[in-house]
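In what follows, chains carry the letters A, B, and so on, assigned in the order in which the sequence lines appear, proteins first and then strands, with residues in each chain numbered from 1.
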Number of protein chains: 2
Amino acid sequence: MARTQGSHSDITGPRVREAALRLFAQNGYAAVSMRQIAGEVGVQAGALYNYTPDKQSLLFDLLRGHMDDLLQARAACAQPDDPLAALEQFTRFHIRFHHDRPEAVFVSYMELRNLTPENFEIIEGLRRCYEDQLEDILRRGVTEGRFDVAEPKIAAMAVIAMLTGVNTWFRDEGRLSLPEVEEIYWGMVRKAVAA
Amino acid sequence: MARTQGSHSDITGPRVREAALRLFAQNGYAAVSMRQIAGEVGVQAGALYNYTPDKQSLLFDLLRGHMDDLLQARAACAQPDDPLAALEQFTRFHIRFHHDRPEAVFVSYMELRNLTPENFEIIEGLRRCYEDQLEDILRRGVTEGRFDVAEPKIAAMAVIAMLTGVNTWFRDEGRLSLPEVEEIYWGMVRKAVAA
DNA sequence: GAATTAACTGAACATATGTTCAGATCAAAG
DNA sequence: CTTTGATCTGAACATATGTTCAGTTAATTC
């Protein structure tokens, strides 16, 4: 049972996923070859198959891992009883979480169609689970008379689309800091659903 | 000068673009081969090169055509002086226009990274031109004291992201009609920027 | 130092890719 | 009917693809 400690496997495995994520984000899943990924890691293409059964699983594992991270990070948040506080919490969490991993966000959105149907269903289920959390907040706010939202499901989709959009233009070196952007978006979200 | 009238070219040319658009939307630019496109048209791969110098130009022409359509359709709209009316007009126009051509919208968003840098710059310029129109409406509304928007550029990006998001979930056979969806989104946009 | 075995190489496999081009086809013009 | 030229075929080109696998390398254990 040699090679358990200091094994390259602990190093190479993550590096494969990192290289795949970066390349998929930059060029798209279909446009990236296993040889490119291997080259980025400094290894021959065949060696990748010690870490993934095939290219499809590599993509799926990235998306799956991202969605797991999202739901886990979300679950670790305090969940205020007050709907307004919960909505603010969700808004700021979403912007921050997505800002911190732009490549995973991008790939998770762009490469859904390159998943096999079964894999797609799994990712889609996790995504729906996240969306439902926002929908629940909105419904509670409506019930308590704090929000004026005729269609909580649609409002949830609209808010998430708006918030995720930050990733398309925000730059760390830009004029505005992330907390400032958070503030601006929270203002719009709050007003958009206000009673 | 034979073959000018009733020429197949008038038929095949558009069919090539239609097939390419449909296939690019479904499978992504990189995953679609010239032979697939040709097969869809009922022709051999070599024949496609009577209608496009290469695959890249085929993609570019689709995106270019879509952006031209967008700006032209927008220019054909009445442009109300009243900022609130102008914003409502923009909101409804955006939802309707994007609803009517989901494939072109999808491809225009997803395949930007598969453009050469020069082609990308052109499309990006057209896109900015469209965004600026919304930004101008918001600025005018602020000047006239009708809107409360600290960052018109960012608000414009947020509104557009929100509106374009309709395409990701809306189905014609769904519970809500497009006019109903228009109404819901217009309500959220109006409140989000209201003074 | 010998044995073990995880980690990796390098070549091979069958198939697919974008693009080119000489030649066949055939509708229209003279 | 003959000429013309746009339209398309079918094969070829060089290169790239995902994946497999027998064999090499080298870190660890005994």
5' to 3', nucleotides 15-21 of chain D under a 4.0 Å protein heavy-atom cut-off (B base, S sugar-phosphate only, - none) gives --BBBB-
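Within the structure, a side-chain polar atom (N or O) of B/Y51 is placed less than 4.0 Å from OP1 or OP2 of D/dC8. For D/dC8, the OP1/OP2 oxygens have a side-chain nitrogen or oxygen of B/T12 closer than 4.0 Å. Proximity of B/Q44 to the phosphate of D/dC8: no side-chain N or O atom is located under 4.0 Å from OP1 or OP2.
Sorted by first and then second residue, the side-chain hydrogen bond (donor to acceptor under 3.5 Å, both in side chains) pairs with a member in residues 82-91 of chain A read A/D82-A/R146, A/E88-A/R92; sequence neighbours excluded.
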Using a 3.5 Å cut-off and no angle test, enumerate the donor-acceptor pairs between side-chain atoms of residues 114-121 of chain A and protein atoms at least two apart in sequence or in another chain.
residue: A/N114; atom: ND2; partner: A/E111; partner atom: OE1; Å: 2.7
residue: A/T116; atom: OG1; partner: A/E118; partner atom: OE1; Å: 3.4
residue: A/T116; atom: OG1; partner: A/N119; partner atom: N; Å: 3.4
residue: A/T116; atom: OG1; partner: A/N119; partner atom: ND2; Å: 3.3
residue: A/N119; atom: ND2; partner: A/Q56; partner atom: OE1; Å: 3.1

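Ring geometry, B/F93 versus B/Y130: the interplanar angle falls from 30° to 60°, so the pair is classed tilted. Note: A/H99 and A/F170 have perpendicular aromatic rings, judged against thresholds of 30 and 60 degrees for the angle between ring planes.
A/R113 and B/Q26 share no side-chain donor-acceptor pair at under 3.5 Å.
The separation between B/N50 atom CG and C/dT25 atom C1' is 14 Å, rounded to whole Å.
None of A/V105, A/L126, A/D61 except one satisfies the side-chain contact (heavy atoms from CB on, under 4.5 Å) rule with A/H66; the exception is A/V105.
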